[in-house]
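The structure appears right after this line, and notes come after that.
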There are 2 protein chains.
Amino acid sequence: MAYTHAIDETLIALADPTRRAILQRLRVGAMPVGVLAEGLPVSRPAVSQHLRILSNAGLLIVTPQGNRRLYGLAPTGMNGLRAYLDDLWGDALEAFAQAAHDLLKDDTHDT
Amino acid sequence: MAYTHAIDETLIALADPTRRAILQRLRVGAMPVGVLAEGLPVSRPAVSQHLRILSNAGLLIVTPQGNRRLYGLAPTGMNGLRAYLDDLWGDALEAFAQAAHDLLKDDTHDT
DNA sequence: ACTTACCGTAAGTCATAGCTTACGCTTTTG
DNA sequence: CAAAAGCGTAAGCTATGACTTACGGTAAGT
């Protein structure tokens, strides 16, 4: 397993609007930092910093190509977060169903 | 009734470790603020503030019961975020498959 | 080999998020 | 009715995060 680069980093990475804009922009495919920065309201170094965070979170794949570095979405980057959400909300749904069941207490109960 | 409480709020809500601890603690079921705070390393008012953020993000359901207020996980709270991730990463996977396909069918000769 | 392009990092500034203490309101209890 | 319990909110402090400009290092072009 070890899909997870630590949920913490993934969520922090996704919590920033500029970083989400970067991800949106990468949907069409990988691109170098310069091109990426042109479509964004912040400077190129700022983009570089965001890319570092996104990469550390396992959300991006970096492909050095001579002079440039191509950044693209990592296909498995979201697996850790997904697993986390599924786990957490799985229990939540169970607890909710249980509560609803308790409220309806006119049905038979079991264990 | 949009699921979307704005993914912005959802992600920011999830990005904080204390708030995730709160969610974890609520997995077993709803509970009032006081009980919730006892299991956490921060003060009760701090928990209240976090609960407000989580509620605004649509992640919690509040049930006033006389003197107290019971906080529980909202079953549909994650739907918006899930949809967002599915959409974003759906395209990412397509782009990735496309790129892989391109590489196989027409190898670029460089160097 | 020199110049240009591309990129990451360092240093510094400014805004914001999270915490604590203090306070006021509402509901329960004696 | 008075006292206490349970919460939310305001005010203030501090740490952290996001941005900018400046700089250095490597690859490409002439």
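Per chain, numbering begins at 1; letters A, B, ... match sequence-line order.
Among the heavy atoms of the strands lying under 4.0 Å from B:Pro45 is at least one base atom, whether or not backbone atoms are also near.
Here D:dG17 presents its C1' atom at 17 Å from CG of B:Leu11, a figure rounded to the nearest Å. One can place CG of B:Asn67 at 4 Å from C1' of C:dT27, the figure rounded to the nearest angstrom. One interatomic measurement links the two molecules: CG of A:Asp16 to P of C:dA15, which rounds to 17 Å at whole-angstrom precision. With rounding to whole Å, A:Leu14 atom CG is found 12 Å from D:dA18 atom P. Rounding to whole angstrom units, CG of residue A:Leu54 and P of D:dG17 are separated by 15 Å. If you measure from atom CG of A:Leu70 to atom P of C:dG8, you get 11 Å, rounded to the nearest angstrom. Between A:Gln65 atom CD and C:dG8 atom C1' the separation is 18 Å, expressed in whole Å. Between the P atom of D:dT16 and the CD1 atom of A:Ile12 lies a distance of 12 Å, rounded to the nearest Å.
Considering only side-chain N and O atoms, B:Ser43 lies under 4.0 angstrom from the phosphate OP1 or OP2 of C:dT20. The side chain of A:Thr18 contributes an N or O atom lying less than 4.0 Å from OP1 or OP2 of D:dC19. Contact check, A:Arg69 against C:dG8: a side-chain N or O comes under 4.0 Å of OP1 or OP2. OP1 and OP2 of D:dG6 both lie 4.0 Å or more from every side-chain N or O belonging to B:Tyr71. Residue A:Arg52 places none of its side-chain N or O atoms closer than 4.0 Å to OP1 or OP2 of C:dG8.
For the pair B:Gly34 and A:Ile53, nearest-nucleotide mapping onto DNA chain D gives the more 5' position to B:Gly34. Comparing A:Arg44 and B:Gln49 by the nucleotide of DNA chain C whose heavy atom lies nearest to each, the residue mapping closer to the 5' end is A:Arg44.
For B:Ile12 against A:Ala15, the heavy-atom pair with the smallest separation is CG1-O, 3.9 Å. The two residues B:Met31 and B:Arg25 have their closest heavy-atom pair at CE-O, 3.5 Å.
Within 6.0 Å of atom CZ in B:Arg82, more than 12 heavy atoms from other residues, nucleotides or ligands are found, so the atom counts as buried in its surroundings.
Judged by distance alone, with hydrogens and angles left aside, the side-chain atoms of B:Trp89 form a donor-acceptor pair with the main-chain N or O of A:Ala74 at under 3.5 Å.
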Legend entry - Audit row: A:Leu14, A:Arg19, side-chain contact (heavy atoms from CB on, under 4.5 Å) steps and yes/no: CA-CA 7 Å; A:Leu14 289 174; A:Arg19 284 194 284 269; over 6 Å; no
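Listed nucleotides C:dT20, D:dG8, D:dC19 differ in distance to A:His50; the shortest reach to its side chain belongs to D:dC19.
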